[in-house]
Amino acid sequence: MTQQHKVVWWAFLLPLAAVLIWSLNMTVNRYVADYISPVSISFYRWILALLILTPFVLPQVMRSWCSIRPYLGKLALLSALGMVLYQGLAYTSAHYTTATNMGLINAFIPVFTIIVGIFVLHIRPAVTAVIGSLLSICGLIYVMAQGQWGNLLNFGNTYIGDVLMLIAVFFYACYGIFLKKWQIQIPLIQSLYIQICFGVLLHIPMILWTGLDAININNAGSIIYAGIFPSIAAPFLWMMAVQVLGPNRSSIFMNLMPVFTALIAYVWLGESWTVYHTIGGLVILVGIFLAQYTPKQRA
C-alpha cells in the first residue's frame, strides 16, 4: 500500500469520528434534559470550550486583531445562528422528543442548505436536488406522524420537540450558507474562537432572565463532554476532513448520523427503533443522497 493510499484511508476516519461525536451528543442532549435547563448546559458548554481554547488561540487573535475586526458583525451573526439558536433549540427539543428523532431530523441539514441557498446564494438547484428534497420532507413528515398520518392533526407526544429540532436545523443550514457566502478570510480556529466568545456573551441575557442551574453529579459529565468533544474536537476533525477529502465527500458521512444516534440511544437510553423509523429514515436518506447528487454536464 502506498503512502498516498494510507493518507486517504486514514482521512476517511476523520469525518467518521466527527459524526460519531455529534451523534453521541444527540443522545447526551436527551439524557441530560432531565438534569439541567437548555440555557444552562449551552452556556456551560461554551464557557468550557472558551477556557480550553483561550491559552492557545487568544495570543493569535490579539496579533491578528486588525484583520479580524472588520468581520466581527458577521461572526456575531454566525455565532447567534450556530451556537445559540441551533444549540439552544436542540437542547430544548430534547425535553419533548427522542434522541432517535433528533438524529433523523438533524440529517435534514443538507436539504435545508439547498433550500436556503436558493434564496441567499441564488443557486439554481438541479432536478435531482428538488426531487430529493421533496422526498426527504415526505420521510420526515412520516416520522413526525409516527407512521400514522392522522397523528399530524392530533399533535403526538414528540410533535413539539420534532418541530423545535426542525427549526434548529433550519438555523444551522443558514449558518452554513452564510459561512459560504461571506468567505471570512481569517484562520478557522480564530473564527471558531471569536464565535464562541460571542456565543458566551449572547447567552448572558438569557441567563439573567431564566437563571443558571448548578453543576452537580448528574450533569457534570454531560457538560464536560459537550464542552470538549462536539465543541472543539469534532469541528477540528471535520475541518481536517474537508481539507483532505473535500466538502462533498465529507458531507456524505453526515448521512450516518441518524444511524449512529439510533444505535447509541437504543443501547444507552433504551429507545426503540420502530417500523416507521425504518421507513421514514430510508426515505429521508434516499432523498438526501438524491439532493446531493450532481448530474454530469454534457460537453
Side-chain angles (χ1 to χ4, degrees), residues 7-32 36 38 40-61 75 78-79 81-84 86-88 90-91 94 99 102-103 106-107 109 168-169 172 175-176 179 184 186-200 203 215 219-247 249-261 263-265 267-268:
V7 171
V8 172
W9 185 82
W10 280 105
F12 282 109
L13 294 180
L14 298 174
L16 192 65
V19 170
L20 184 59
I21 291 172
W22 283 321
S23 300
L24 180 56
N25 191 54
M26 286 289 171
T27 312
V28 170
N29 291 353
R30 181 64 192 91
Y31 166 78
V32 80
I36 191 171
S40 296
I41 186 173
S42 186
F43 178 74
Y44 284 134
R45 167 184 180 170
W46 296 119
I47 279 286
L48 179 57
L50 184 66
L51 291 175
I52 293 173
L53 289 177
T54 291
F56 307 100
V57 186
L58 182 58
Q60 302 176 27
V61 170
L75 290 170
L78 289 173
S79 177
L81 291 171
M83 298 181 178
V84 180
Y86 170 71
Q87 295 295 341
Y91 283 124
M102 292 173 66
N106 202 76
I109 289 175
V169 166
Y172 197 79
Y175 173 88
L179 194 64
I184 297 176
I186 61 175
L188 291 175
I189 184 61
Q190 296 180 25
S191 174
L192 176 64
Y193 181 79
I194 297 296
Q195 290 178 56
I196 291 175
C197 290
F198 278 119
V200 171
H203 274 83
I215 300 176
N219 58 37
S222 299
I223 292 171
I224 293 172
Y225 176 83
I228 296 176
F229 292 97
S231 301
I232 300 175
F236 273 125
L237 291 170
W238 190 259
M239 287 186 290
M240 292 171 62
V242 170
Q243 289 180 344
V244 178
L245 299 176
R249 295 175 73 182
S250 298
S251 65
I252 296 296
F253 285 84
M254 292 296 288
N255 298 329
L256 293 173
M257 186 176 291
V259 180
F260 286 164
T261 303
L263 290 174
I264 296 169
V267 174
W268 184 8

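The figures that follow rest on heavy atoms only: side chains count, while hydrogens, waters and symmetry mates do not. Heads up: numbering here begins at 1 and tracks the sequence.
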Q: Does CZ belonging to Phe229 count more than 12 external heavy atoms closer than 6.0 Å?
A: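 No, CZ of Phe229 has 12 or fewer neighbouring heavy atoms, counting only those of other groups under 6.0 Å.
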
Q: Backbone N or O of Leu75 within a donor-acceptor pair of the Ser79 side chain at under 3.5 Å?
A: no

Q: Side chains of Phe43 and Val200: does their closest heavy-atom pair fall under 4.5 Å?
A: yes

Q: Keeping Trp268 on the side-chain end and Thr27 on the backbone end, is there a donor-acceptor pair under 3.5 Å?
A: no

Q: Does any part of the side chain of Ile21, heavy atoms only, come nearer than 4.5 Å to the side chain of Tyr225, both counted from C-beta?
A: yes

Q: Between Gly88 and Pro38, which heavy-atom pair has the shortest distance, and what is it?
A: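 Of all heavy-atom pairs spanning Gly88 and Pro38, the closest is O-CB, 4.1 Å.
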
Q: To check you understand the geometry: which heavy-atom pair defines the closest contact between Ala49 and Ser231, and what is its length?
A: CB-CB, 4.1 Å

Q: Working to the nearest 0.5 angstrom, can you tell me the gap between Ser40 OG and His203 NE2?
A: 9.5 Å

Q: Does the pair Ile189 and Leu53 meet the rule for a side chain to side chain contact (heavy atoms under 4.5 Å, CB included), with working shown?
A: CA-CA 9 Å; Ile189 184 61; Leu53 289 177; 4.3 Å; yes

Q: Write down the atom of Pro235, the atom of Pro230, and the distance for their closest heavy-atom approach.
A: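 Smallest interatomic distance, heavy atoms only, reads CD-O, 3.4 Å.
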
Q: About how many Å separate CG of Leu237 and CG of Leu13, when rounded to the nearest 0.5 Å?
A: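 Those atoms lie 10.0 Å apart.
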
Q: For the residue pair Tyr175 and Tyr86, establish whether any side-chain heavy-atom pair is separated by less than 4.5 Å.
A: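 No, too far: nothing below the 4.5 Å cut-off.
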
Q: Nearest 0.5 Å, please: how far is CG in Asn29 from CD in Gln87?
A: 7.0 Å

Q: Given the rule in the side chain to side chain contact (heavy atoms under 4.5 Å, CB included) test, do Cys197 and Leu50 qualify, once you have shown the distances and angles that lead to the verdict?
A: CA-CA 7 Å; Cys197 290; Leu50 184 66; 3.5 Å; yes

Q: Yes or no on side chain to side chain contact (heavy atoms under 4.5 Å, CB included) for Ile196 and Arg45, after CA distance, side-chain angles and deciding distance?
A: CA-CA 10 Å; Ile196 291 175; Arg45 167 184 180 170; over 6 Å; no

Q: Show your reasoning for whether side chain to side chain contact (heavy atoms under 4.5 Å, CB included) applies to Leu16 and Phe260.
A: CA-CA 10 Å; Leu16 192 65; Phe260 286 164; 3.9 Å; yes

Q: To the closest 0.5 Å, what do you measure between CD1 (Ile264) and CG (Leu24)?
A: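 Interatomic distance, Ile264 CD1 to Leu24 CG, rounded to 0.5 Å: 5.0 Å.
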
Q: Once rounded to the nearest 0.5 Å, what's the spacing between atom OH of Tyr44 and atom CG of Asn219?
A: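 Interatomic distance, Tyr44 OH to Asn219 CG, rounded to 0.5 Å: 7.5 Å.
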
Q: About how many Å separate OH of Tyr91 and CZ of Arg30, when rounded to the nearest 0.5 Å?
A: 14.0 Å

Q: Less than 4.5 Å apart, any side-chain heavy atom of Ile228 and any of Ile52?
A: yes

Q: Contact between Val57 and Leu192 at the side-chain level, heavy atoms closer than 4.5 Å - yes or no?
A: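 No, too far: nothing below the 4.5 Å cut-off.
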
